[in-house]
Amino acid sequence: MRHWLIKSEPHTYSIHDLEKEGTALWDGVRNYQARNYLRAMQVGDLAFFYHSNAHPPGIAGLCRVVETGLPDPSQFDPASPYFDPKSPPESPRWWTVRVAFLEKFEPLIPLARLREQFTPEELPILRRGNRLSVIPVEARVAEQIRRMVQGG
DNA sequence: GCCAACGTTGGC
DNA sequence: GCCAACGTTGGC
């Protein structure tokens with residue numbers, strides 16, 4: 001089982017929305033490296049839910065990958081902001097997963113605390129200018145993050 | 001294939 | 001609002 005970190009702007013989609021809805025299709029990712037990570041996910045993997053562009057930004061909860069290998073339907077929807085006219089329906093360009101709510105971190109773990117705890121090498125979201133929205137998290141770091149929640 | 005211009009992300 | 005980082009686009 002692997003750990004991941006997935007970013008979302010909470011004014012678009014937050015951990016509270018995921019808690020209400022139970023599961024969510026993680027659509028709208030339009031970056032090839034992030035897409036490749038999504039394709040590497042396996043059912044049962046855990047993902048930290050990160051709130052970006054928030055006050056404060058930080059890790060807001062935990063979810064589980066429950067379905068993999070799903071073509072992102074928004075790429076075929078002309079009404080969607082994620083519409084990709086260059087993606088052929090017979091061989092879709094963008095793939096994603098479905099995640100299920102597991103836990104809300106209250107309070108969330110703010111970015112400032114993550115900076116105290118980890119180096120940018122351990123947790124790439126700490127790297128200046130990092131924009132990747134799907135990131136693998138090594139087991140030891142994941143363990144430590146979960147302990148930070150229990151510690152309050 | 002190069003690379004400058006441009007757009008987006010996201011912390012502050 | 002500012003700005004650094006970096007991905008994408010398009011002219012050549």
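Every value quoted in this text rests on a predicted model; they were computed, and no experiment measured them. Per chain, numbering begins at 1; letters A, B, ... match sequence-line order.
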Please give, in whole Å, the distance from C:dG7 P to A:Asn36 CG?
-> 13 Å
For A:Phe76, which fellow cluster members are found when Ile, Leu, Val, Met, Phe, Trp and Tyr are connected by side-chain heavy-atom distances below 4.5 angstrom, either directly or through intermediates?
-> none
Is the shortest side-chain N/O distance from A:Lys7 to OP1 or OP2 of B:dG10 below 4.0 Å?
-> yes
Taking only residues two or more places apart in sequence or in another chain, which ones pass salt bridge (charged side-chain N to carboxylate O under 4.0 Å, His left out) with A:Arg128?
-> none
Roughly, in whole Å, what's the span from CZ in A:Arg128 to P in C:dC2?
-> 17 Å
Take the protein atom CG of A:Leu126 and the nucleotide atom C1' of B:dC12, then report the distance between them rounded to whole Å.
-> 15 Å
For A:Arg98, does the CZ atom have more than 12 heavy-atom neighbours from other residues, nucleotides or ligands under 6.0 Å away?
-> yes
The side chain of A:Tyr32 lies closest to which of these nucleotides: C:dT8, C:dA5, B:dG10?
-> C:dT8
Where the side chain of A:Lys86 is concerned, which of C:dT9, B:dC12, B:dG10 is the nearest nucleotide?
-> C:dT9
Selected nucleotide, minimal atom distance to A:Arg131 side chain, candidates B:dG7, C:dT8, B:dG11 = B:dG7
Of the candidate nucleotides B:dG11, C:dT9, B:dG10, which contains the atom at the shortest distance from the side chain of A:Leu111?
-> B:dG11
Atom pair distance, as rounded to whole Å: CD1 in A:Ile125 and P in C:dC6 = 15 Å
Does anything in residues 49-59 of chain A reach DNA chain B, meaning a heavy atom under 4.0 Å, and if so which residues?
-> A:Tyr50, A:Ser52, A:Asn53, A:Pro57
Would you indicate whether A:Glu143, at its atom CD, is surrounded by more than 12 heavy atoms from other residues, nucleotides or ligands within a distance under 6.0 Å?
-> no
Estimated bend of the helix from B:dG1-C:dC12 to B:dC12-C:dG1 (axis per five terminal pairs, rounded to 10 degrees) | 10°
Write down the distance between CG (A:Asp84) and C1' (C:dT8), rounded to a whole number of angstrom.
-> 13 Å
Run through the side-chain heavy atoms of Ile, Leu, Val, Met, Phe, Trp and Tyr, join any pair under 4.5 Å, and report what else lands in A:Tyr32's cluster.
-> A:Trp94
Nearest whole angstrom, please: distance from the P of C:dT9 to the CG of A:Asn31.
-> 12 Å
To the nearest Å, give me how far apart OH (A:Tyr82) and C1' (B:dT9) are.
-> 13 Å
Are A:Arg93 and A:Asp84 close enough for a salt bridge, meaning some N to O gap below 4.0 Å?
-> yes
Pair A:Arg140 + A:Glu122: basic N to acidic O under 4.0 Å | yes
Pairing of A:Glu103 and A:Arg64 as salt bridge, 4.0 angstrom limit = no
For A:Arg30 and B:dG7, is the shortest distance between a side-chain N/O and OP1 or OP2 below 4.0 Å?
-> no
Could you check how far CZ of A:Arg127 sits from P of B:dT9, rounded to whole Å?
-> 19 Å
Scan for ring pair (Phe, Tyr, Trp, His ring centres under 6.0 Å) pairs involving residues 36-65 of chain A, sequence neighbours excluded, and state none if there are none.
-> A:Trp4-A:Tyr37, A:Trp26-A:Phe49, A:Phe49-A:His51
